[in-house]
Each structure stands twice: as structure tokens, then as C-alpha cells.
Chemist: 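Take a look at the following structure, please.
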Amino acid sequence: MRYSALSLLRNGLAQHKHWPPLWRDATPKSSYDAVIVGGGGHGLSTAYYLATEHGLTNIAVVEKGWLGGGNVARNTAIVRSNYLMPESSSLYDCALRLWERMTADLNYNIMFSQRGVINLAHTEYDLLKVRQRVEANRANGVASEYLDLPALRQLVPILNTSDGLQLPVLGASLQKTAGIARHDAVVWGYARALQELGVDIIQNCEVTGFDVAGGRVRGVQTVRGPILADKVCISVSGSSSVVAAMAGFRLPLTTTVLQAMVSEPIKPLLHTVVMSPSLHLYVNQSDKGEMVFGLAPDRFQGYGSVGSFHILEQSMRTVCDYFPMLRRLRMMRQWNGIVEASADGSPILGKSPIDGLFINAGWGSGGFKATPAAGFVMAHTIARNEPHPLNAPFSLQRFDTGRLVDELGAGAVAH
Ligand code: FAD
Ligand code: PYC
């Protein structure tokens, strides 16, 4: 059913009893042309572009748990493209353009709000790096600007910029076209589109191994039996090292826990997104009015389901110092996700050492913003067995050749 004002009216008159489910939970078939392992945002968008751009619909997305149970709905929903290197700028800016039309493309409101993203500078060195990034963004065609203190104060009046803070606030960069999107809506929108395209979405179907013969992938083993496929894509953010090990290769990733929390809803008082990698904090206000806080990663590797308490405590202290009017705010929920960072701070997007097996991994704390572009380029790579120009620089081989894409300064938090 196409969503429209008319369908809303019609269903409203029927007391909203006849909306069809967004997607049906499929039972695995014995074989597909392609299997996507992982039903997060990246897995779903890869399937979406395989179907819409390459006409491949005999495909399955197999998900260990439930759709939206992974990082896609655990993140703080920040979307921006103000990266340093031209390779990254092109990839993330392609994503930004796809975000801008996603609601129309999917006929599903993903609530993309281009409210701007600010990156704070706290030292002279930070200022230098912020200015360098602004210039690099402009050189790469990404509109970005430098904010001095008066301009920053006007844009974020609730930010404490007074003297006497542990790290003073000296200036910032602003990408006006950046913002946030409603992350669950992204999952539901893709799933609904995939349902219409005839793609199978299979939940509660953990992949436990790969069938490989003569250096080629032949299919996957799952808790619900084997599935044959000549093309398989691993898209399991946070579990990539574990799943790659099942296929017999290693990834240059370190894996750790990243936490976030939201407060009770309050009146609108923060109209943009504020990030500070030095303070290990990023803040925005959701459309419901909740303050959304992203915190620092744990300082050790692990796959834990609970983040370290001292990180929470430190972050809340930082909130009280830098946003003093939020001091009496009550927190409603806190959670974490497992993130995996590569040695150069850039993702791995392309072929694996096994023919027919593709890998999308290593997004650190920043893969949500790439969701549509990652799917777009991976679909191209899978369908044509060669990378799209946008993901060619992000191959796994770059760790052998040394052609790294150094984005270690571009993350929301230091990894
Ligand atoms: P996921 O949703 O995690 O999808 C992977 C799926 O694979 C999961 O559903 C998992 O269950 C499944 N899976 C794992 N193993 C198997 C298996 N063996 N078989 C089958 N399925 C399997 N990024 C941003 O750009 N902006 C942000 O503001 C931001 N904030 C973040 C805040 C936090 C607290 C966290 C944790 C992350 C944040 N990120 C952010 C990063 C972003 O969430 C991830 O990089 C991105 O969501 C990863 O892609 P995905 O959506 O496909 O991952
Ligand atoms: O990469 O923009 C980002 C981000 C913000 C919060 C977590 N990651």
C-alpha cells in the first residue's frame, strides 16, 4: 500500500484497523542468488539497491535477532559528511544526497532533519584542525564553515563557553546540511520496500558458518539450516571479526563497547547537533524532546552487553559542566552497541579473500550516516563483482598495500 494523505484518511475512517504489516517474516528457502548476512541498516540497504539498481530480487537478508536490534537503532542518528580525505568526503556526501531523498524513495518518513552539526574546538591545536577540516571540506565540495565564539554562542545559547572549564570552548565548525534521521524508521522503511520488491527478510536466523569450495563461497550455514548462494555479503557491524573468522580470514579491527543515553523529554532548546571528540560527548534533541547523549567508548576491547560505569559518570559530569541548565534532567534510558574500528579510521567495503564473499565492516562509531551509500556501493560490488569508484579506496587490500584512508581525526569519539 502506498502511503499518502488519501490512505491516511481512508485508514483513519476505518479506525486504523487495516494497515498491512510492513514486512512478512520469511522462512528460508534452500537457495538464493545472494544472501546478505545481517539485517541492520547496511544489510537492508544493500538488498534494497541490489533489487532496485541491479534487478536482483531472489535474495535474502538473514538476521541473527530481530530487525533493528543492532547498532542501526542503537546509534545517536547523526548524519554528516565533513570528513577530511577526498575518498571519504565523496562516500559520505553521496550518502547525504541519498538521505535527502530517502523519504520519497521509500515512501516512508525517515524524519531526516538537516539541523546542522557543530564540532567544538577546545585548544589551539583543535582550532587548527577544525579550520583545516573546514578548508578540506570546501575543497571537496562539502559546504562547511568556521564559527567563532560569538557565532557559536548565538547558535547554541545553552552551551557553557565561560572561563574555568576543564577544556575551554574556543570555536567550532558547522556543517549546515548535516543533521539527524529517525533510525528505526530507516529500518522499517527499507524492510517495507524490500517486502514489496520480493526480497526475503529472515529474522532469528544466525549464520554459523560458510560453505567454501575451491576458494569460492557456495552458501551459508545457519541455525535454521544451510542456504546455498554464490554471492554472500557480510554486513554484521560489531561482529565482523567473529563472522569473518567463520570464513577463515582475519580483519584489522578492534572491537569495543559504545554507550548512549536519553533523558526525559523537555521543551525544544537545542536546535542543532553538538559534538566534541575531545570531551567524548555528542548531544542532540530528538523530535520528541528527549536529550540524546552519546558517550565515550570503553578503553578496552570486548563484546560486553554493558558499558563501563565510569564512562557514564564522566560523561554526565561533562554534561553538567558544559550544559549547566541540563543539570536536573532525569535520564530515561541507557544502552550500548558494539563498534569496531579499523587501523585508519575508515571502513572496509568490498571483496573478501574468498571469491563471491563480500565484506562491509569497520565503521567505528560512525556508520549510520553512511547507510544508504554503503548499501549502494556494496550492491554494485556484489552485482558486478568489482568495486564502485566510491568504495574502491576502501578495500581490505589497502592494509597490505599501505594505501590507507586516514580518518582517525574524523570520528565522533576517539577510538
Ligand atoms: P547493525 O544494525 O548492528 O547490523 C548488523 C546486524 O548483523 C545486527 O542486527 C546483528 O544482529 C546481525 N548479525 C551479527 N552477527 C550475525 C550472524 N552471525 N548472523 C546473522 N546476523 C548477524 N553512526 C553514525 O553515523 N552516527 C551516529 O550518531 C552514531 N552513533 C552511534 C552511537 C552508538 C551508541 C553506537 C553503538 C553506534 C553509533 N554509530 C553512529 C555507529 C552506527 O550505529 C553503526 O556504524 C551502523 O549502524 C552499523 O551498520 P548497521 O546498521 O548495518 O549495523
Ligand atoms: O560519526 O558523526 C558520527 C557520530 C556521532 C555520534 C557517533 N558517531
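Atoms within each ligand, like the ligands themselves, are counted from 1 in listed order. Quick note: numbers below take in every heavy atom, side chains included, and nothing from hydrogens, waters or symmetry partners.
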Chemist: When you measure from atom 38 (C) of ligand 1 to every protein heavy atom, which one gives the shortest distance, and what is it?
Modeler: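 Result: Asn75 CB, 3.2 Å.
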Chemist: Do Asp321 and Arg317 sit within salt-bridge range, that is, some charged N less than 4.0 Å from a carboxylate O?
Modeler: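 Salt bridge absent between Asp321 and Arg317.
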Chemist: Give the single entry among Met275, Lys369, Glu63 that approaches atom 9 (O) of ligand 1 most closely by any heavy atom.
Modeler: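 Going through Met275, Lys369, Glu63 one by one, Glu63 has the nearest heavy atom to atom 9 (O) of ligand 1.
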Chemist: Between Glu145 and Gln175, is any side-chain donor less than 3.5 angstrom from a side-chain acceptor?
Modeler: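 No.
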Chemist: Among all the protein's non-hydrogen atoms, which is closest to atom 42 (C) of ligand 1, and how far away is it?
Modeler: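 For atom 42 (C) of ligand 1, the nearest protein heavy atom is Phe368 N, 3.5 Å.
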Chemist: Are the side chains of Lys29 and Asn58 in touch, meaning some heavy atoms are under 4.5 Å apart?
Modeler: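 Sidechains of Asn58 and Lys29: in contact.
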Chemist: Using a 4.0 Å cut-off to any heavy atom of Val243, which atoms of ligand 1 qualify?
Modeler: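 Result: 18 (N).
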Chemist: Return the residue, atom name and 0.1 Å-rounded distance of the protein heavy atom closest to atom 22 (C) of ligand 1.
Modeler: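 Checking every protein heavy atom, the shortest distance to atom 22 (C) of ligand 1 gives Lys64 CB, 3.5 Å.
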Chemist: Using a strict threshold of under 4.0 Å (side-chain N to carboxylate O), is an ion pair present between Arg182 and Asp287?
Modeler: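 Looking at Arg182 together with Asp287, the answer is no, because their closest N to O distance does not fall below 4.0 Å.
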Chemist: Heavy atoms only: which of Ile202, Asn71, Val35, Leu44 lies closest to atom 1 (P) of ligand 1?
Modeler: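 Selected option, by shortest heavy-atom distance: Asn71.
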Chemist: Indicate yes or no: at least one non-hydrogen side-chain atom of Phe210 is less than 4.5 angstrom from one of Gln221.
Modeler: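 No; the side chains remain at least 4.5 Å from each other.
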Chemist: Check Glu290 with Lys288, please: is the shortest side-chain N to carboxylate O separation under 4.0 Å?
Modeler: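 Here Lys288 pairs with Glu290 in a salt bridge, since their nearest N and O are under 4.0 Å apart.
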Chemist: Are Asp200 and Arg24 close enough for a salt bridge, meaning some N to O gap below 4.0 Å?
Modeler: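 Counted as a salt bridge, because a side-chain N and a carboxylate O are separated by less than 4.0 Å.
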Chemist: Closer than 4.0 Å to some heavy atom of Val62 - which atoms of ligand 1 meet that?
Modeler: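 This gives 20 (C), 21 (N) as the contact atoms.
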Chemist: Distance under 4.0 Å to a non-hydrogen atom of Gly366: what atoms of ligand 2 satisfy this?
Modeler: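 Listed by number with element, the hits are 1 (O).
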Chemist: Please could you name the atoms of ligand 1 that Gly337 approaches to less than 4.0 Å, counting only its heavy atoms?
Modeler: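 By the 4.0 Å cutoff, the relevant atoms are 36 (C).
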Chemist: Decide if the gap between the ring center of Phe376 and the ring center of His388 is smaller than 6.0 angstrom.
Modeler: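 Judged by ring-centre distance (under 6.0 Å), Phe376 and His388 do meet the cut-off.
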Chemist: Apply side chain to side chain contact (heavy atoms under 4.5 Å, CB included) to residues Tyr190 and Met102 and explain how you reach the verdict.
Modeler: CA-CA 9 Å; Tyr190 274 131; Met102 197 187 289; 3.6 Å; yes
Chemist: Would you mind running through ligand 2 and noting each atom that sits below 4.0 Å from a heavy atom of Ile78?
Modeler: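 Answer, ordered by atom number: 2 (O), 5 (C), 6 (C).
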Chemist: Give yes or no for whether the N/O distance cutoff of 3.5 Å, strictly under, is met between Val207 and ligand 1.
Modeler: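 Min N/O separation from ligand 1 is below 3.5 Å for Val207.
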Chemist: Within the structure, is a non-hydrogen atom of Ser365 found at a distance of less than 4.0 Å from ligand 1?
Modeler: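 Yes, that is the case, since the closest heavy atom of the residue is under 4.0 Å from the ligand.
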Chemist: Pick out which of Asn82, Asn137, Asn140 makes a side-chain hydrogen bond (donor to acceptor under 3.5 Å, both in side chains) with Ser89.
Modeler: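 Option passing the side-chain hydrogen bond (donor to acceptor under 3.5 Å, both in side chains) with Ser89: Asn140.
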Chemist: Less than 4.0 Å is my threshold; does some heavy atom of Ser365 fall inside it relative to ligand 2?
Modeler: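 Yes, Ser365 has heavy atoms under 4.0 Å from ligand 2.
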Chemist: What atoms of ligand 1 come closer than 4.0 angstrom to any heavy atom of Val37?
Modeler: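 Matching atoms, with element in brackets: 19 (N), 20 (C).
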Chemist: Report yes or no: does a heavy atom of Ser235 sit under 4.0 Å from some atom of ligand 1?
Modeler: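 Per 4.0 Å heavy-atom rule, Ser235 contacts ligand 1.
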Chemist: In terms of residue, atom name and distance, what is the protein heavy atom nearest to atom 26 (N) of ligand 1?
Modeler: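 For atom 26 (N) of ligand 1, the nearest protein heavy atom is Ile78 O, 2.9 Å.
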Chemist: If you have a sec, work out which protein heavy atom is nearest atom 35 (C) of ligand 1 and how many Å separate them, to one decimal?
Modeler: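 Going by distance alone, atom 35 (C) of ligand 1 is nearest to Leu258 CD2, 3.6 Å.
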Chemist: Identify whether NZ of Lys or CZ of Arg in Arg192 sits under 6.0 Å from the centre of the six-membered ring of Tyr108 and within 45° of that ring's axis.
Modeler: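 The answer is no; the distance or angle limit is not met.
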Chemist: Please check if the distance between the ring centroids of Trp99 and Phe368 is under 6.0 Å.
Modeler: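 Under 6.0 Å, so yes.
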Chemist: Which heavy atom of the protein is the closest neighbour of atom 7 (O) of ligand 1, given with residue, atom name and distance?
Modeler: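 That would be Gly38 CA, 3.4 Å.
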Chemist: At less than 4.0 angstrom from any non-hydrogen atom of Val339, what atoms of ligand 1 do you find?
Modeler: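 Near Val339, meaning under 4.0 Å from one of its heavy atoms, ligand 1 has 36 (C), 37 (C).
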Chemist: Which residue and non-hydrogen atom of the protein lie closest to atom 49 (O) of ligand 1, and at what distance in Å?
Modeler: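 For atom 49 (O) of ligand 1, the nearest protein heavy atom is His42 CD2, 3.3 Å.
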Chemist: For ligand 1 and Trp335, I'd like to know whether there is a polar contact (N/O to N/O, distance under 3.5 Å).
Modeler: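 Checking ligand 1 against Trp335, no N or O pair falls under 3.5 Å apart.
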Chemist: Quick check on contacts: which atoms of ligand 2 are under 4.0 angstrom from a heavy atom of Lys369?
Modeler: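 In order of numbering, the contacting atoms are 1 (O), 2 (O), 3 (C).
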Chemist: Under 3.5 Å between some N or O of ligand 1 and some N or O of Cys205?
Modeler: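 No, no N or O pair falls under 3.5 Å.
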Chemist: Which heavy atom of Glu340 sits nearest to which heavy atom of Ser240, and what is that distance?
Modeler: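 Shortest heavy-atom contact: OE2-OG, 2.6 Å.
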Chemist: Could you tell me whether Ala370 approaches ligand 1 through its side chain, its backbone, both or neither, with non-hydrogen atoms closer than 4.0 Å?
Modeler: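 Neither; nothing of Ala370 gets under 4.0 Å from ligand 1.
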Chemist: Looking at Trp363, which atoms of ligand 1 are within less than 4.0 Å of one of its heavy atoms?
Modeler: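 The list of qualifying atoms is 45 (O).
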Chemist: Quick one: closest heavy-atom pair of Gln285 and Pro268, and the distance?
Modeler: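 Heavy atoms only, the tightest pair is OE1-CA, 3.4 Å.
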Chemist: Shortest non-hydrogen contact from Leu349 to Asn391?
Modeler: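 Looking at all heavy atoms of both residues, the closest pair is O-ND2, 3.2 Å.
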Chemist: Using a 4.5 Å cut-off on heavy atoms from C-beta on, say whether the side chain of Phe300 contacts that of Thr256.
Modeler: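 Thr256 vs Phe300: side chains apart.
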Chemist: Should Arg80 be counted as touching ligand 2, given the test is an N or O pair under 3.5 Å?
Modeler: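 Checking ligand 2 against Arg80, an N or O pair does fall under 3.5 Å apart.
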Chemist: Would you check whether Gly366 reaches within less than 4.0 Å of ligand 1, judged by its heavy atoms?
Modeler: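 Yes, Gly366 has heavy atoms under 4.0 Å from ligand 1.
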Chemist: Going by the atom numbers of ligand 1, which of them fall below 4.0 Å from some non-hydrogen atom of Val72?
Modeler: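 Contacts of ligand 1 toward Val72, numbered from 1: 1 (P), 2 (O), 47 (O), 51 (O).
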Chemist: Given the side-chain rings of Trp19 and Tyr3, with only the six-membered ring counted for Trp, is the space between their centroids under 6.0 Å?
Modeler: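 Aromatic pair counts; centres sit under 6.0 Å.
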Chemist: Among all protein non-hydrogen atoms, which one is nearest to atom 53 (O) of ligand 1, and what is the separation to 0.1 Å?
Modeler: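 Answer for atom 53 (O) of ligand 1: Ser237 CB, 3.3 Å.
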Chemist: Does any N or O atom in Asn336 lie less than 3.5 angstrom from one in ligand 1, N or O only?
Modeler: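 It does not: no N or O of Asn336 is found under 3.5 Å from an N or O of ligand 1.
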Chemist: Can you list the atoms of ligand 1 that are under 4.0 Å from a heavy atom of Val236?
Modeler: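 Listed by number with element, the hits are 5 (C), 7 (O), 13 (N), 14 (C), 15 (N), 16 (C), 22 (C).
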Chemist: Please evaluate residues Leu22 and Gln195 with respect to the criterion side chain to side chain contact (heavy atoms under 4.5 Å, CB included), reporting the C-alpha separation (whole Å), side-chain torsions for both, the decisive distance (0.1 Å), and the verdict.
Modeler: CA-CA 8 Å; Leu22 294 189; Gln195 153 86 21; over 6 Å; no
